[in-house]
Undergrad: 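Can you keep this structure in mind? I'll have questions shortly.
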Number of protein chains: 2
Amino acid sequence: MAAMDAIRWLNAQEQATWRSLLRAYSRIERLLDHDLQASNGLSLVEYGILVTLSESPESRMRMRLLADSVIVSKSRLSHQIARLERAGFVRRETCEEDRRGAWAVLTDDGRALLEAAAPGHATLVRDRVFDRLTPEQIQQLGAIMRALEPDDDAP
Amino acid sequence: MAAMDAIRWLNAQEQATWRSLLRAYSRIERLLDHDLQASNGLSLVEYGILVTLSESPESRMRMRLLADSVIVSKSRLSHQIARLERAGFVRRETCEEDRRGAWAVLTDDGRALLEAAAPGHATLVRDRVFDRLTPEQIQQLGAIMRALEPDDDAP
DNA sequence: CACCAACAGTTGAAATTTAAACTATATTCC
DNA sequence: GGAATATAGTTTAAATTTCAACTGTTGGTG
């Protein structure tokens, strides 16, 4: 009878850690987002889309896989790509193998934008994250995040 | 001449760690948000608002401080509180000491909602985060996040 | 083969979020 | 004291995001 099981609350340390994580991440995300917006008119998610495409074979990726890679609903991705397409940074191509599908393809303008945005972004990430941690902490953070990544039954 | 300084890119380990953090956090946030939405009709931010108010003296907090606590723009908080007020979970009171100000106050219904939502939420956080880490890792994560929290010049 | 459930992606409307302008009160400082 | 400036919060409109419904495939399965 599951309903009778005692709830395993977070203890004080866990609670403090959890809240610290929420706050730290929210602040950093907001800062990165505002910075990209101000300097290149991109949101953090759009930046992620461009990076992902740029590292993909032929600078292209199927919508579904792209959505999963940047952790975004397929509807949101569809709108997002529409915007990037209007701006000329991405184009869509129909997929011959699977005629339901579509490729999102990074354009030259998109790659140029990414290259313009990357240095400032990298500097900020370094500034706000890695320069504040010791080498051991960086290694620990990596191990911790890898442990949290697998999402058995994704929603 | 700052423009001539070499860009300090992330090295491979840092890059992998950073991406892992983005992915892990995004997934967890989305999961928590969907879960709260489905079970109690709350977003993660709204849940945070209720928690923060519930722990505040007299279950009340000034808008500005509340916005800073949950890391949200004051405009967004204003809308958010409007929604929670319409739903009866929060009410506004005018502030006598500073007549520009307003208190957001948790109502009894709001507290009841929070108490209904908390067990499931805590269980999910435990499930997705703390049960996947060793005690050392939990301690490390806390230290790391505390190191990242201070945002010298907040935007 | 023909049906039928699952999948890929888009769309339109509703809800939320952002950005900027605005109201009102406090504070500073000459 | 009073003008200038800063702060608290709201509001409006535009942009983004969500949600559910929808269009076409594709992949089994009897």
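Owing to the predicted nature of the structure, the values given are computational and were not obtained by experimental measurement. In what follows, every chain begins at residue 1, and chains take the letters A, B, ... in the order their sequences are listed.
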Undergrad: If you round to the nearest 0.5 Å, how far is CZ of B:Arg92 from CG of B:Leu84?
TA: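 Here the interatomic distance stands at 9.5 Å.
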Undergrad: Within this structure, what is the CG-to-P distance between A:Asp68 and C:dG9, rounded to whole angstrom?
TA: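 For the pair A:Asp68 CG and C:dG9 P, the rounded distance is 10 Å.
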Undergrad: What is the separation between atom CD1 on B:Ile81 and atom P on D:dA8, rounded to the nearest whole Å?
TA: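 Checked: the CD1 to P distance equals 16 Å.
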Undergrad: For the pair B:Glu55 and A:Arg19, find out whether any cationic side-chain nitrogen is under 4.0 Å from an anionic carboxylate oxygen.
TA: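 Salt bridge present between B:Glu55 and A:Arg19.
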Undergrad: Grab the CG-C1' distance between B:Leu42 and C:dA15 for me, whole Å please.
TA: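 Atom CG in B:Leu42 sits about 15 Å away from atom C1' in C:dA15.
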Undergrad: Can you measure A:Arg99 atom CZ to C:dT10 atom P for me and round it to whole angstrom units?
TA: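 Result: 14 Å.
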Undergrad: Whole Å only: how far is the CD1 atom of B:Ile71 from the C1' atom of C:dT18?
TA: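 Checked: the CD1 to C1' distance equals 17 Å.
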Undergrad: Tell me whether A:Ser54 contacts the main-chain N or O of A:Val51 through its side chain, where contact means a donor paired with an acceptor under 3.5 Å.
TA: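 Here the side-chain-to-backbone pair exists.
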Undergrad: Just how far is it from atom CG of A:Leu114 to atom CG of A:Leu106, taken to the nearest 0.5 Å?
TA: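 A:Leu114 atom CG to A:Leu106 atom CG measures 7.0 Å (nearest 0.5 Å).
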Undergrad: Check the distance between C:dT16's P and B:Leu44's CG and give it to me in whole angstrom.
TA: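 In whole Å, C:dT16 P and B:Leu44 CG are 15 Å from each other.
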Undergrad: Holding to salt bridge (charged side-chain N to carboxylate O under 4.0 Å, His left out), I want the full list of residues that pass it with B:Asp131, two or more places apart in sequence or in another chain.
TA: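 Salt bridge (charged side-chain N to carboxylate O under 4.0 Å, His left out) list for B:Asp131, sorted by chain: A:Arg8, B:Arg126.
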Undergrad: Between A:Glu29 and A:Arg27, is the closest basic N to carboxylate O distance under 4.0 Å?
TA: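 Salt bridge flag = no for A:Glu29 with A:Arg27.
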Undergrad: Produce a footprint string for nucleotides 9-19 of chain D: one letter per nucleotide, 5' end first; B if the base is under 4.0 Å from any protein heavy atom, S if only the sugar-phosphate is, - if neither.
TA: BBBB---SSBB
